[in-house]
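See below for the structure under consideration.
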Amino acid sequence: MRAHRRAQRAAVTTGAVLLAAGLLAGCGLSEPDADVPADGRPGHTSAAPTPAGPTDSPRTPELPSELTSQRLDWKRCTAPRGGNAPGSAWRCARVDVPLDYADPSGETLSVALIRKEARDKGRRLGSLLFNFGGPGGSGVATLPRAARSYAKLNTRYDLVSFDPRGVAASSGVRCRTDKEQEQAHRNVDLTPDTAAEEAAFIEDAAEFGAGCERRSGTVLPHVGTGNAARDLDLIRRVLGDEKLSYFGFSYGTELGGTYAHLFPHTVGRTVLDAAVDPTADGIGHARNQTVGFQRALENYLKDRGQRPKEGSERIARLLARIDRSPLPTDSGRELSESLAITGIVTPLYSESSWPALTAALDEAENNGTGNGLLRLADSYNGRDEQGRYDTQSHSQRAISCADSTSRPTVDEARALLPEFRKLSPVFGPFLAWDTAGWCAEWPVEGEHETPETSAPGAGPVLVVGTTGDPATPYEGARRMADELGEGVGVLLTNKGEGHGAYGSNDCVTSTIDDYFLDGKVPADGRTCG
């Protein structure tokens with residue numbers, strides 16, 4: 001349930017981000033609420049795609065002209081799986097990218113794109129590409145739902161998003177059936193207490209990876225963030241932009257930082273909101289999220305007039321009771337401890353969802369039923385009322401494990417329990433065990449211990465951190481700005497709650513709009529609150 005990467009569906013707020021490595025595995029913001037000078041110039045758009053030129057990294061071989069000179073065939077969009085077709089202003093297309101960038105003339109993948117053209121074409125600045133997090137979130141499905149939040153930017157930018165390789169319409173990774181997914185949620189204890197539960201926990205993780213290899217083995221070795229960043233640059237070239245203007249949320253900040261490292265000289269106006277800590281490995285992310293979610297829970301409890309320590313201990317006791325005896329629900333399904341934790345995590349992504357958490361906890365504690373927490377958990381897990389699951393959790397895991405070399409053992413996870421329980425009696429055990437279960441016996445080797453985001457020579461990159469962010473704690477934003485490098489990373493602090501700041505704070509929103517539209521770079525360290 002990794003939280004630093006999956007926040008997109010967790011709640012409907014104002015930014016657009018997904019959750020870190022397992023339960024709280026995604027890194028993304030939730031979908032925005034519908035009610036709601038330097039070298040950072042946007043890319044100039046030319047009539048034809050930018051000619052192939054020298055690459056910024058020796059790890060990115062020169063691409064063949066058949067790829068760099070593609071002409072996109074923009075057509076009316078069809079409905080994404082499980083959703084509705086966007087309105088007539090939206091157009092969709094596909095772009096071919098190398099399956100393996102080490103062999104750029106070999107087999108290709110088709111990446112799905114969506115676009116809404118700038119309204120003021122006489123003052124058009126180019127394309128603004130979005131990634132809403134995950135990893136594994138569908139930009140093609142999310143951008144039309146979120147677009148009202150970006151109406152001001154749409155005056156001068158084409159709003160563009162995509163399904164990254166291995167996601168949804170772009171050769172999406174699939175690892176198990178809906179029935180297998182349901183059985184895992186029903187039978188696997190994500191905080192095992194016995195040797196038998198530990199064995200079942202690791203066996204399920206290994207079976208998940210084997211299912212990914214069996215069903216998606218061709219793309220599985222190639223879905224990492226480095227390749228997604230190279231796809232971004234190819235998309236930039238095919239769209240005809242000299243520089244990449246980019247808005248990334250949650251995991252999308254890791255993608256943006258990776259792009260800046262690989263292609264510093266084509267970094268245009270770039271904003272990284274709800275920034276991931278690029279210095280943290282798998283265990284470090286779990287530790288960060290344990291601190292972040294506990295901090296958010298304590299802020300929630302204080303807002304409800306409760307003492308944080310006592311309130312946390314009460315919720316931990318509730319979870320222990322559910323572990324011994326799952327709660328019944330009107331659907332006939334039972335609320336397990338693992339689903340209850342997921343249900344508690346979900347509304348912490350947005351302060352506007354705190355009342356839903358209050359109602360769900362009250363029902364569980366006073367009525368002994370789990371309807372509210374189960375609904376929240378289903379929302380997070382991508383389960384609809386017919387019992388069908390989306391595949392974001394599949395893609396999320398595949399991308400995370402392709403990126404990270406971290407493969408903690410059961411013994412290593414067990415050794416983390418005292419520290420993590422001290423950090424959070426509610427979330428600590430879950431996130432400690434998650435370190436061992438996320439990539440257990442994964443069939444593909446990871447690329448690195450931590451992502452490289454240094455970008456000497458790039459224009460200014462605006463990094464936004466929210467002090468009460470549960471999934472990507474605020475401290476990670478400062479580290480991202482530092483790792484980008486002096487004169488590149490510019491930190492903007494939002495004193496507030498929730499995963500992502502754009503649209504939830506007028507000061508943050510206007511600062512970002514001024515940067516994208518007028519190139520006004522704020523002073524490093526500016527605070528909005």
Side-chain angles (χ1 to χ4, degrees), residues 2-7 10-11 13-21 24 26-30 133 247-254 256-257 270-281 284-303 308 345 347-354 423-424 427-428 431 450-451 453 461-484 488-509 511-512 522-529:
R2 307 221 157 178
H4 100 253
R5 304 187 196 241
R6 192 186 168 91
T13 60
T14 51
V17 190
L18 306 178
L19 291 183
L24 312 175
C27 236
L29 286 185
S30 53
F247 204 162
F249 301 90
S250 198
Y251 161 77
T253 69
E254 182 177 326
T270 295
V271 173
L272 308 180
D273 190 359
V276 174
D277 180 357
T279 70
D281 61 8
H285 276 306
R287 184 178 288 110
N288 289 348
Q289 288 197 323
T290 302
V291 171
F293 277 94
Q294 181 62 29
R295 181 187 294 160
L297 180 64
E298 291 180 359
N299 290 342
Y300 158 78
L301 291 168
K302 285 187 284 188
D303 185 72
V345 158
L348 291 178
Y349 278 91
S350 168
E351 190 173 4
S352 64
S353 298
W354 287 0
L423 292 173
S424 173
F427 307 113
L431 285 164
T450 60
T453 58
V461 173
L462 186 55
V463 181
V464 186
T466 296
T467 54
D469 192 321
T472 53
Y474 170 74
E475 293 82 358
R478 176 73 273 178
R479 294 181 187 127
M480 175 65 84
D482 288 344
E483 287 295 303
L484 286 166
V488 180
V490 178
L491 180 65
L492 174 62
T493 298
N494 172 39
K495 284 189 174 181
E497 300 297 324
H499 188 43
Y502 187 84
S504 66
N505 179 290
D506 290 343
C507 169
V508 171
T509 303
T511 299
I512 291 174
D524 184 25
R526 181 179 180 183
T527 296
C528 293

*Could you check Arg526 against Thr493 for side chain to side chain contact (heavy atoms under 4.5 Å, CB included), going step by step and ending with a plain yes or no?*
CA-CA 6 Å; Arg526 181 179 180 183; Thr493 298; over 6 Å; no
*Identify the two heavy atoms, one from His285 and one from Asp277, that lie closest to each other, and give their separation to 0.1 Å.*
CE1-O, 3.3 Å
*So do the side chains of Leu272 and Val464 get within less than 4.5 Å of each other, counting heavy atoms only?*
no
*Step by step, work out the side chain to side chain contact (heavy atoms under 4.5 Å, CB included) result for Leu423 and Arg287.*
CA-CA 8 Å; Leu423 292 173; Arg287 184 178 288 110; 4.0 Å; yes
*Which value, rounded to the nearest 0.5 Å, describes the distance between Phe427 atom CZ and Leu297 atom CG?*
5.0 Å
*Could you please spell out the steps behind the side chain to side chain contact (heavy atoms under 4.5 Å, CB included) verdict for Glu351 and Tyr300?*
CA-CA 8 Å; Glu351 190 173 4; Tyr300 158 78; over 6 Å; no
*Is the centre of the Phe249 ring less than 6.0 Å from the centre of the Tyr502 ring?*
no
*So which heavy atom on Pro278 is nearest to which on Gly476, and how close?*
CD-O, 4.2 Å
*Distance in Å, Gln294 CD paired with Leu431 CG, rounded so as to fall on 0.5 Å steps*: 11.0 Å
_Quick check: closest heavy atoms across Ala501 and Val508, and the distance to 0.1 Å?_
CB-CG1, 3.7 Å
*Would you name the heavy atoms of Gly465 and Ala477 that are closest together and state the gap between them?*
CA-CB, 3.6 Å
*Hey, does Asn494 have a side-chain heavy atom less than 4.5 Å from the side chain of Thr467?*
no
*Nearest 0.5 Å, what's the SG-CG distance between Cys507 and Leu492?*
6.5 Å
*Can you find a heavy atom in the side chain of Thr450 that is under 4.5 Å from one in the side chain of Thr279?*
no
*Please list, chain by chain and in numerical order, all residues satisfying salt bridge (charged side-chain N to carboxylate O under 4.0 Å, His left out) with Asp482, sequence neighbours excluded.*
Arg478
*asked:* Before you tell me yes or no, could you show the steps for Glu475 and Asn288 under side chain to side chain donor-acceptor pair (under 3.5 Å), namely the whole-Å CA-CA distance, both residues' side-chain angles and the distance that decides it to 0.1 Å?
replied: CA-CA 9 Å; Glu475 293 82 358; Asn288 289 348; over 6 Å; no
*Can Thr472 and Asp469 be counted as having a side-chain donor-acceptor contact under 3.5 angstrom?*
yes
*May I ask you to test the Thr466-Tyr474 pair for a side-chain heavy-atom distance under 4.5 Å?*
no
*asked:* Within the 4.5 Å heavy-atom criterion, are Val291 and Pro473 side-chain neighbours or not?
replied: no
_CZ-OG distance between Arg295 and Ser424, expressed to the nearest 0.5 angstrom_ = 12.0 Å
*With Met480, the side-chain contact (heavy atoms from CB on, under 4.5 Å) member among Val463, Leu491, Val461*: Val463
*Could you walk me through whether Phe247 and Thr270 pass the side chain to side chain contact (heavy atoms under 4.5 Å, CB included) test, one step at a time?*
CA-CA 6 Å; Phe247 204 162; Thr270 295; over 6 Å; no
*For Asp273 against Gly500, the heavy-atom pair lying closest together*: OD1-CA, 3.7 Å
*Heavy-atom pair of closest approach, residues Pro347 and Ser353*: CB-O, 3.4 Å
_Expected output: side-chain Thr290 to main-chain Gly428 donor-acceptor under 3.5 Å_ = no
_Inter-residue atom distance Thr511.OG1 - Leu462.CG, 0.5 Å rounding_ = 8.0 Å
